[in-house]
Protein chains: 2
Amino acid sequence: MVSVATRVTIREIADLAGVSIATVSRVVNGRDDVSEETRELVQRIVREHGYTANRSARGLSAGRTGLIGVLVPLVHPAYFSGILSGAAEALYEHDMRLVLSPTRHEHDREVGMVDRLMHGVTDGALLVLPEESSDELERLLEQGNRFVVVDPRSPLTGSIPSVSAAHASGAGQAVEHLLGLGHRRIAAITGPHDWVATEDRLRGYHAALGSAGIMAAPELVVDAGQWEIAAGVEAAERLLSLPEPPTAIFAFNDNLAVGAIRAARSRGLSVPEDLSVVGFDDVEQATVITPELTTVRQPLEEMGRMAVTLLIRLLDRQRFETLHVELATRLVVRDSTAPPAS
Amino acid sequence: MVSVATRVTIREIADLAGVSIATVSRVVNGRDDVSEETRELVQRIVREHGYTANRSARGLSAGRTGLIGVLVPLVHPAYFSGILSGAAEALYEHDMRLVLSPTRHEHDREVGMVDRLMHGVTDGALLVLPEESSDELERLLEQGNRFVVVDPRSPLTGSIPSVSAAHASGAGQAVEHLLGLGHRRIAAITGPHDWVATEDRLRGYHAALGSAGIMAAPELVVDAGQWEIAAGVEAAERLLSLPEPPTAIFAFNDNLAVGAIRAARSRGLSVPEDLSVVGFDDVEQATVITPELTTVRQPLEEMGRMAVTLLIRLLDRQRFETLHVELATRLVVRDSTAPPAS
DNA sequence: AGAACTACCGGAAACGTTTACAGCTTCGAC
DNA sequence: GTCGAAGCTGTAAACGTTTCCGGTAGTTCT
């Protein structure tokens, strides 16, 4: 019963096949300088014994571990799970694995973590919503670390590879949808103003209004300052107590939209009859609340997959041509929007 | 710009400190057979150069990689993210890392994955909600794999270490709460009947009713067969169209509870005035819906942490006396419950 | 004063791979 | 019939640690 389970090594496979370990290694790694019959023989033995190369040994010898670190703030579960699952799946297809490193709140730890993570543990990393400044990231890159930023929080300088969603275009779609329904007084509840997501969505909002020939009223744009429900409630209350309140609110994420709906309800307004609300993100909760939320879907899984693709390319060839990828967003129309009351 | 960034090795630290690599290794690993002054000298140099042991090398040499795998079905994001973040944090405190392996739908892959994961990659694993039968798990254990099961889906036989939530006690609390409000016709919407979670919660439900001297009416227990919202809607509709409908529903998870609320609302019943609803899990969504859901909180983070504790004990060969840990659940009273209409 | 510890440290062998290099065939061309 | 090239394979040197084993110096005991 004490099967100590000492795993089968390349040595044993080699002996069994009557070849050298070098040959086994070549077969396992798909090199092409092996004769067809040797290859088949070795492959059969490998299969029969369920041999897989010891990753530590491979890591030591070849300098690549097949592990990718993912630094992600666990505070946004609904958001990060999409990215993670996309990334994990894409990595799996390359026989690589994902090492999860939750970046808690403490900033100072973060930059050191990338560093530590890389050393002898992972070949590269995905940084999701990093706190780091562009400068710090640039420095990491120059030190030879290989990573891709997913959904940068601050604008990035040229050479840092990144994947993000088409914030502006998504915001545009949202506003156009509301315009199409006949709304003219369309408010915006924005997130923290130093986030790329906020700035780009704001740009999209203004652009859409502008090309419909509408001047955005400054009092209709309120800064929630965060992404949480409570902030959404508060911002919406400000909007709804205006002398001439909006007939529609575009909230810059789903949480804020939920807050807006709550604020409306507590004033006796019903959504969407008296007020239309659009969110952004399309997290799971969007379909849980009533009415189900019209919102802009971020392609989270796809972002994860794309980030992996970029990173692997980065690791293979040393030079990286495509630096920044922006993935399309799409408006999902549900029940929280309708033509204005009048 | 081609700073190849060759990391500092133990060799260099040793040279710098004028000692052998063996001594550096001892210091770094906190062995006690090093003189105080040598230790301090080495520690200073290590700190100055930011040296960390290459994990691949350590893994090869010592047979331990400091990585543990977590097999988790990514289909339940709200649920797993709590466990993951608890586990990751606990691991971090032991300077270990978490390798994420999403177990998609394909069952056959799962058992092989544990196996593959262990070999030269991780020292052990956490299996969250495994599909495997107790027998298969037992076999894995005997092959020398070290793992802890988190929230077993099927009942486990003796020797498999596991962490789970106090399903029965939580269910009891929920029912007692409803009884305390004055409810007598309390229905249950159960999950898939072969899950431990379902069976235990059912046991708690019956026990609480029983000790209040109430015989559970069989027609008040309906099997949703899954954990999704749609199933909850359907089950609740069956309950509400009974000749003598319940005044309260205990749904076996939050999704089902959301479904129940929807079903009630679409019949013109309002929650909690006409119908009380209690959920189970306390996922993020519970606070998003209106009314906010009264529900039984599972200590997800704590489960993750505890699983790590158990696993690390298992790896250290400190023989483990406690095989199965059950963590307490706690009723969180919010707005979806109230005294019956009378 | 010698023996027996103890505390500390270094040498060197492992750990399981990858890969540069060299060696052996075989074959076509001259 | 020799030469070079091409195709295949084996040898052995890395990769960066941990840890066993042995050695030296100092200390205590008898």
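The chains referred to below are lettered A, B, ... by the order of the sequence lines, with proteins before strands, and numbering in each begins at 1.
In terms of phosphate contacts, B:Ser56 brings no side-chain nitrogen or oxygen within less than 4.0 Å of OP1 or OP2 of D:dT17. For A:Arg31 and C:dT19, the shortest distance from a side-chain N or O to OP1 or OP2 is below 4.0 Å. Side-chain N/O atoms of A:Ser20 include one lying less than 4.0 angstrom from OP1 or OP2 on D:dG10. Close to C:dT19, at under 4.0 Å from its OP1 or OP2, lies no side-chain N or O of A:Ser61. The phosphate of D:dG10 has OP1 or OP2 within less than 4.0 Å of a side-chain N or O from A:Thr23. Under 4.0 angstrom from either OP1 or OP2 of C:dC9 there lies at least one side-chain N or O belonging to B:Ser35. For the pair A:Asn29 and C:dT18, the criterion of a side-chain N or O lying under 4.0 Å from OP1 or OP2 is met.
Of the candidates C:dT17, D:dT18, C:dC9, the closest approach to any side-chain atom of A:Ile21 belongs to C:dT17. Side chain of B:Val19, nearest nucleotide from C:dG10, C:dT17, D:dG16: C:dG10. In the set C:dT17, C:dC9, D:dG16, C:dC9 carries the atom at the smallest distance from any side-chain atom of B:Val34. Listed candidates were D:dT17, C:dT17, C:dT19. Nearest to the side chain of A:Ala62 is C:dT19.
Side-chain atoms of B:Ser134 and B:Thr157 include a donor-acceptor pair closer than 3.5 Å.
The CG-C1' distance, from A:Asp123 to C:dT18, rounds to 14 Å in whole Å. As rounded to whole Å, 13 Å separates atom C1' of D:dG7 from atom CD of A:Glu36. Separating the CD1 atom of A:Ile10 from the C1' atom of C:dT17 is a distance of 6 Å, rounded to the nearest angstrom. Spacing between atom CZ of A:Arg58 and atom P of C:dT18 amounts to 5 Å, rounded to whole angstrom units.
Here the side chains of B:Val149 and B:Pro130 are in contact, with some heavy-atom distance below 4.5 Å. B:Ile83 is not listed as a side-chain neighbour of B:Glu301, based on a closest heavy-atom distance of 4.5 Å or more.
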Under 4.0 Å protein heavy-atom contact, by nucleotide of nucleotides 20-27 of chain C - B base, S sugar-phosphate only: --------
Go through the steps to decide whether A:Leu315 and A:Ile68 satisfy the test side-chain contact (heavy atoms from CB on, under 4.5 Å), and finish with yes or no. CA-CA 11 Å; A:Leu315 294 175; A:Ile68 293 296; 4.0 Å; yes
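Rounding to the nearest 0.5 angstrom, the gap separating the CG atom in A:Asp33 from the CZ atom in A:Arg39 is 8.5 Å.
The residue among A:Ser25 and B:Glu37 whose nearest nucleotide of DNA chain C lies closer to the 5′ end is B:Glu37.
Under the rule for a side chain to side chain contact (heavy atoms under 4.5 Å, CB included), the partners of B:Ala307 that lie at least two apart in sequence or sit in another chain are B:Leu126, B:Val148, B:Val150, B:Val163.
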Between side-chain atoms of residues 16-29 of chain A and protein atoms elsewhere (two or more places apart, or another chain), which donor-acceptor pairs fall under 3.5 Å?
from	atom 1	to	atom 2	distance (Å)
A:Ser20	OG	A:Ala22	N	3.4
A:Ser20	OG	A:Thr23	N	3.4
A:Ser20	OG	A:Thr23	OG1	3.4
A:Ser25	OG	A:Asn29	ND2	3.4
A:Asn29	OD1	A:Arg58	NH2	3.4
A:Asn29	ND2	A:Ser25	O	3.1

